[in-house]
2 protein chains.
Amino acid sequence: MVSTSAFAEAATLVGDPARANMLVGLMDGRALTAKELAQAAGITPQTAGGHLARLTEGRLLAVEKQGRHRYHRIASTAVAHMLESIMAVAAGRGEIDRSPRQVVRVGPRDAALRRARTCYDHLAGWLAVQIADKLVAANYILLSSDGGALTAEGARFLSRLGVDLDEGMRDAGGRRGGRVFCRPCLDWSERRPHIAGFVGAAICRCCLARGWVRRLDGTRAVNVTRTGERVLAAELDLSIRR
Amino acid sequence: MVSTSAFAEAATLVGDPARANMLVGLMDGRALTAKELAQAAGITPQTAGGHLARLTEGRLLAVEKQGRHRYHRIASTAVAHMLESIMAVAAGRGEIDRSPRQVVRVGPRDAALRRARTCYDHLAGWLAVQIADKLVAANYILLSSDGGALTAEGARFLSRLGVDLDEGMRDAGGRRGGRVFCRPCLDWSERRPHIAGFVGAAICRCCLARGWVRRLDGTRAVNVTRTGERVLAAELDLSIRR
DNA sequence: GGCATGTTTCGGCGGGGGCCGAAGCATCAG
DNA sequence: CTGATGCTTCGGCCCCCGCCGAAACATGCC
């Protein structure tokens, strides 16, 4: 069986505050160096190095050597999914546990994150929830807590927008029997589902490729561009609040 | 935002070996007392009590007082989902990490668990994977890594067997637009998906209610009864290996 | 009331592990 | 070659937290 020790170890790796910060910082799917992650976690590079070695040995992260740099990234979608689900539970805790616990990081940066960000390979935050709502309302996508699917009209709609529903299909296994599934992902800032999985990744790729949203400096936050604003308004009747 | 500290705390709660053992022991959805959980984790009741208090305070567990007993259970499907996803990652680690690490609990009990068990509210193990395979092969259910759905024939088939696809529907939100979704769940012993979510829970309820499978003593393992064997053979062409 | 059982609280022990400074390798620039 | 940069290794400090024994509290049975 899966030893419960392996189970506990995986959780322990996530459970340390420094490591948690690094993992969260990698949730947008980018690959960062030890130094950058050390800064994100507020520790020295050598301490970060130790943590990263453990995370890599535990198969939560994968590294790519490039010259004298070592780029660390989330090892697999399974790990990303695990981190998402832990976030969902942590958010649920916060919902009830409003005791005067340590207030962590409330600032403009958080506002930007809540508004729109990437979550491993798909969009998240207020923007993503709005998009999901509009797509559901237009009957382009069906969503429930257990799963979701693209309708025929939805597939046509997304294709017309330029979303590539074939790319990486074999890897993602997002389609079988001619049907494109998509996974709902509970947004930790909105507490409502947005679109993840194969379809979510395709949408996110398209938005970035066409310049509708742009990554903000070096964070997970993204900004909607003027072009993106126009497209969202025209295609989804979605107005971006200023 | 969800403080990364809340995120790390949730993971820390799972990361302790004793707590992990207790949580795994509760994954079948039952409610157990502190003493029983202490035994499962191999610690004294007072230590277990401390752990359980922390797990409850962290909203991972919920307790129900009943006389002088306090019954502990997984607090929500979100928590169960989180534990599942951690298991999936831990199983992936084990796949590669075959070093002579401490071998934990290999015995007949594990064989029974690998064979068939409950996983919070649905079936898991070899049996569940077989059922999923047969349902997919018969085009009763569509599955992919991102999601799954019951086909019209599948709904008819399950209804005929006595699976109640309406019960708890409003809560589970398993249906919208007349479509019943189901969630794939990576089985940690088989490394292949079985059926979770709304449909998985409905199937499990039916199997237990009709006496096709029965819980084994006080564990998560289940046994297929003679009746169940006959039904599975007749309806799904599924033979239970002895 | 008296006793048994389940659970919590308290106190103290001990170990694992996170942290940093300093030094040692690797890689690249000049 | 020399220096700068990124990363790792080593050593030692220290604190957190898991653990148990003992005792107190709560509940139920006789």
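Just so we're on the same page: letters track the sequence lines, and every chain starts at 1. The figures that follow rest on heavy atoms only: side chains count, while hydrogens, waters and symmetry mates do not.
B:Ala53 comes within 4.0 angstrom of nothing in the nucleic acid, heavy atoms only.
In this structure, of C:dA22, D:dC20, C:dG6, it is C:dG6 that holds the atom nearest to the side chain of B:Lys35. The side chain of A:Arg54 has C:dG17 as its nearest neighbour among C:dG17, D:dC7, D:dC19.
Remark: C1' of C:dT9 and CD of B:Gln46 are 10 Å apart, rounded to the nearest angstrom. Residue A:Glu57 contributes atom CD, which lies 16 Å from atom C1' of D:dT9 at whole-angstrom precision. In this structure, the OH atom of A:Tyr71 is 13 Å from the C1' atom of D:dC7, given to the nearest Å. Remark: C1' of D:dG6 and CG of A:Leu37 are 13 Å apart, rounded to the nearest angstrom. The distance between atom NE2 of B:His69 and atom C1' of C:dA4, rounded to the nearest whole Å, is 12 Å. Atom NE2 in A:His72 sits about 11 Å away from atom C1' in D:dT8, given to the nearest Å. B:Ile43 places its CD1 atom 15 Å from the C1' atom of C:dG6, with the value rounded to the nearest Å.
Applying the 3.5 Å distance criterion, the base of C:dT5 shares a donor-acceptor pair with the side chain of B:Arg68.
B:His69 places no side-chain N or O within donor-acceptor distance of the main-chain N or O of B:Gln66, the cut-off being under 3.5 Å.
For B:His51, no side-chain nitrogen or oxygen approaches OP1 or OP2 of D:dC17 to under 4.0 Å. Remark: A:Arg70 is in phosphate contact with D:dT8, judged by side-chain N or O atoms under 4.0 Å from OP1 or OP2. Remark: B:Thr47 is in phosphate contact with D:dC20, judged by side-chain N or O atoms under 4.0 Å from OP1 or OP2. A sub-4.0 Å separation between OP1 or OP2 of C:dC20 and a side-chain N or O of A:Thr44 is present.
Residue A:Gly42 is the one, among A:Lys65 and A:Gly42, whose nearest nucleotide of DNA chain C lies closer to the 5' end (criterion: closest heavy atom). Heavy-atom nearest nucleotides on DNA chain C were determined for A:Gln66 and for A:Ala18, and the one closer to the 5' end corresponds to A:Ala18.
Judged by a 6.0 Å distance limit and a 45° cone about the ring axis, B:Arg117 is positioned over the six-membered ring of B:Trp188.
Between the side chains of B:Ser144 and B:Asp146, no donor-acceptor pair is found at a separation under 3.5 Å. B:Glu36 and B:Thr33 form a side-chain donor-acceptor contact under 3.5 Å, judged by distance and modelled atom types alone.
A ring-centre distance under 6.0 Å is not found for A:His72 and A:His51.
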